[in-house]
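Below: the structure, in structure tokens.
Quantities reported herein were computed from a predicted structural model and do not represent experimental measurements.
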Amino acid sequence: MFGVFARNTMRGAAAARPAGRRFLSGESHEAHHVKTMDNWRKISYLAVPLIGGLSVINVIIHMSHGHHEHDEEHAPFTYLKIRSKKFPWECSDCGLFDRECHRKCRRGEN
């Protein structure tokens with residue numbers, strides 16, 4: 001019984017679609033896709049120079065004011081050198097990758 005139903009259903013589906021015609025999901029909306037693509041291309045042509053111009057303005061504003069330089073002797077923020085326990089290497093007050101502090105420690109300046 002089920003086999004007869006499946007055969008009749010397949011025959012009906014084959015007769016319902018015309019031969020040589022492919023029903024793809026995007027085929028009927030091709031004009032819309034082309035219009036949307038052209039719209040985004042125009043938006044991009046406007047946005048790229050606008051973003052470039054704003055970036056140049058940002059760099060000009062940033063470079064127009066003075067920059068503050070810090071002494072090497074004085075740590076700009078005291079909370080950066082808080083040590084609750086010693087580090088397990090020779091110069092226990094220096095960070096692991098602080099080469100300048102390690103040099104000063106080995107010369108006895110610290």
Side-chain angles (χ1 to χ4, degrees):
M1 180 76 177
F2 180 72
V4 174
F5 176 73
R7 270 195 309 267
N8 288 339
T9 306
M10 295 302 284
R11 281 187 205 146
R17 65 175 182 247
R21 177 83 173 136
R22 295 176 61 185
F23 293 99
L24 302 175
S25 63
E27 191 171 325
S28 64
H29 303 290
E30 187 174 344
H32 172 72
H33 294 309
V34 169
K35 182 180 174 187
T36 304
M37 182 181 65
D38 289 337
N39 188 23
W40 278 107
R41 185 176 289 141
K42 290 174 187 174
I43 290 171
S44 297
Y45 287 146
L46 175 69
V48 168
L50 179 67
I51 291 171
L54 289 174
S55 298
V56 168
I57 290 171
N58 189 19
V59 168
I60 291 171
I61 290 172
H62 178 71
M63 293 301 189
S64 67
H65 69 275
H67 296 278
H68 306 286
E69 300 296 329
H70 298 288
D71 306 345
E72 288 185 19
E73 297 295 322
H74 176 67
F77 304 104
T78 55
Y79 63 85
L80 292 177
K81 288 277 255 191
I82 293 177
R83 305 286 189 250
S84 58
K85 68 178 193 176
K86 293 184 175 191
F87 288 126
W89 44 82
E90 180 183 347
C91 299
S92 61
D93 191 37
C94 300
L96 181 61
F97 299 108
D98 190 1
R99 291 181 172 221
E100 189 62 34
C101 181
H102 282 283
R103 285 186 196 121
K104 288 180 182 179
C105 177
R106 287 188 182 118
R107 283 185 273 170
E109 295 176 16
N110 255 352

Interatomic distance, [X] atom [atom1] to [Y] atom [atom2] [nearest 0.5 angstrom]:
X: D93; Y: H102; atom1: CG; atom2: NE2; answer: 10.0 Å
X: L50; Y: I43; atom1: CG; atom2: CD1; answer: 12.5 Å
X: R103; Y: R107; atom1: CZ; atom2: CZ; answer: 8.0 Å

Tell me whether F87 is reachable from L96 by hopping between hydrophobic residues (I, L, V, M, F, W, Y) whose side-chain heavy atoms are closer than 4.5 Å.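 Yes, one cluster joins them.
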
Are M63 and V56 grouped together when hydrophobic residues (ILVMFWY) are joined by side-chain heavy atoms under 4.5 angstrom apart?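 M63 and V56: separate clusters.
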
Might you point out which heavy atoms bring C91 and R106 nearest each other, and give the distance in Å? SG-N, 4.4 Å

Partners meeting salt bridge (Lys or Arg N to Asp or Glu O under 4.0 Å) with R41 (sequence neighbours left out): D38

Is it true that the SG atoms of C101 and C94 are less than 2.5 Å apart?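 Cysteines C101 and C94 qualify as a disulfide pair, their SG atoms being under 2.5 Å apart.
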
What ring pair (Phe, Tyr, Trp, His ring centres under 6.0 Å) pairs are there with at least one residue in residues 40-60, not counting sequence neighbours?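 For residues 40-60: none.
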
